[in-house]
2 protein chains.
Amino acid sequence: MSDLLERLRNRGWRLTAQRRVVAQVLDGDHIHYTADEIHARAVEMLPEISRATVYNTLGELVSLGEVIEVSTDGRAKRYDPNAHHAHQHLVCQSCGTIRDVHPTGDPLASLPDGERYGFTLSGVEVTFRGLCPACAQVQ
Amino acid sequence: MSDLLERLRNRGWRLTAQRRVVAQVLDGDHIHYTADEIHARAVEMLPEISRATVYNTLGELVSLGEVIEVSTDGRAKRYDPNAHHAHQHLVCQSCGTIRDVHPTGDPLASLPDGERYGFTLSGVEVTFRGLCPACAQVQ
DNA sequence: CGTTGACTTAGACAAGGTCTAATGTAGGGT
DNA sequence: ACCCTACATTAGACCTTGTCTAAGTCAACG
């Protein structure tokens, strides 16, 4: 993750305590947190950090391509620090947990020319939905 | 669409003017509207219909499996009445238009057992992203 | 070590959606 | 045909997520 900070500094980022903390939270577990969860964890390390800064920082990381924004439903967006490896997501419908998965084959290839309607395709997202083991037991 | 209303009545739905209007809007064009767009169109036919009723009705249609809820980004959810035919979506990144598409193969099969982490899979969504012909010209 | 422009802050604001308590009504029972 | 009553609808308050603003702060260059 210090790699990340180094990369960002080379791109002209000012290295502030707030940004370091956000990067640190993202680098922790490989769970995909919401912005507010990231804020809550950041506050534990740097009590005065504001919500706006967390949102700003996440937005910058997304537009720099270091983090992927995942909107699995109409709820809060989640942030996936694993931007440098192609992967898709597996989402628990009950608790919202997201895991990274690696399906076989190239999903883009599954759309025949006759179904492209003249679109210029730039990407594809595949979201597998189901119940995680913990939620499956409860139901 | 009277099919739909009949099916719903058989499942114990009370047939109100409001619900008929919402069904009628969904049955119109095959565009995927947001809840507020549906409300706006419903108001033209039944001026006193409330936002809450539209949201309630859409939620019921979704949980009855008659309509699919599509969240393409962090914006408003859109409602797709084409729930009885398996299909996926092609979204224009610029203007947000959604088209239904029919990829080849079963995307669920692309997730190997070793990548399922004990989840009970219930479905998969594939969202192709790109630029529609109109937006591609502008850029 | 001073300067300055990028960064951060608190809190107001906005969009999308949900909830509540009061009121209305579809449709079965008579 | 007409009541009942449980289900449906309403207006509007409220909640969550996210954005914006104006004022204050500070990293890093010189």
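Residue numbering restarts at 1 for every chain, and letters A, B, ... go by the order of the sequence lines.
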Length of the line joining L15(B):CG and dC7(D):P, which is rounded to integer Å: 16 Å
Extract, from 5' to 3' on DNA chain C, the first and final nucleotides lying under 4.0 angstrom from some heavy atom of chain B. dG16(C) to dG27(C)
Length of the line joining L8(A):CG and dA28(D):P, which is rounded to integer Å: 12 Å
Sorted by chain and number, sequence neighbours left out, salt bridge (charged side-chain N to carboxylate O under 4.0 Å, His left out) with R78(A) holds for E37(A)
Using a 4.0 Å heavy-atom cut-off to protein, can you give one letter per nucleotide of nucleotides 9-22 of chain D, 5' to 3': B if the base is in contact, S if only the sugar-phosphate is, - if neither? SBB-----SBBB--
Degree of bending, the helix from dC1(C)-dG30(D) to dT30(C)-dA1(D) (end axes from five pairs; round to 10°): 30°
Ignoring hydrogens and angles, tell me if any N or O in the side chain of H39(A) forms a donor-acceptor pair with the backbone of I49(A) under 3.5 Å. yes
Taking atom types as modelled, is there a side-chain donor on H32(B) or N82(B) under 3.5 Å from an acceptor on the other? no
Side chain proximity check, L46(B) to R20(B), heavy atoms < 4.5 angstrom: no
Are any of the side-chain nitrogens in R9(B) or E6(B) under 4.0 Å away from the carboxylate oxygens of its partner? yes
Rounded to the nearest 0.5 Å, the CZ atom of F119(B) sits from the SG atom of C92(A) at a distance of 5.5 Å
Contacts satisfying side chain to side chain donor-acceptor pair (under 3.5 Å) that involve residues 58-69 of chain B (not counting sequence neighbours) are R7(B)-E66(B), R11(B)-E66(B), R19(B)-E60(B), E66(B)-H84(B), E69(B)-Y79(B)
Pair H87(A), D80(A): side-chain N/O donor-acceptor within cut-off below 3.5 Å: yes
Quick one: which residue pairs count as a side chain to side chain donor-acceptor pair (under 3.5 Å) with a foot in residues 105-116 of chain B, not counting sequence neighbours? H102(A)-E115(B)
Just how far is it from atom CG of L5(B) to atom CG of N10(B), taken to the nearest 0.5 Å? 11.0 Å
Taking CG from L5(B) and C1' from dA8(D), how many angstroms apart are they, rounded to a whole number? 16 Å
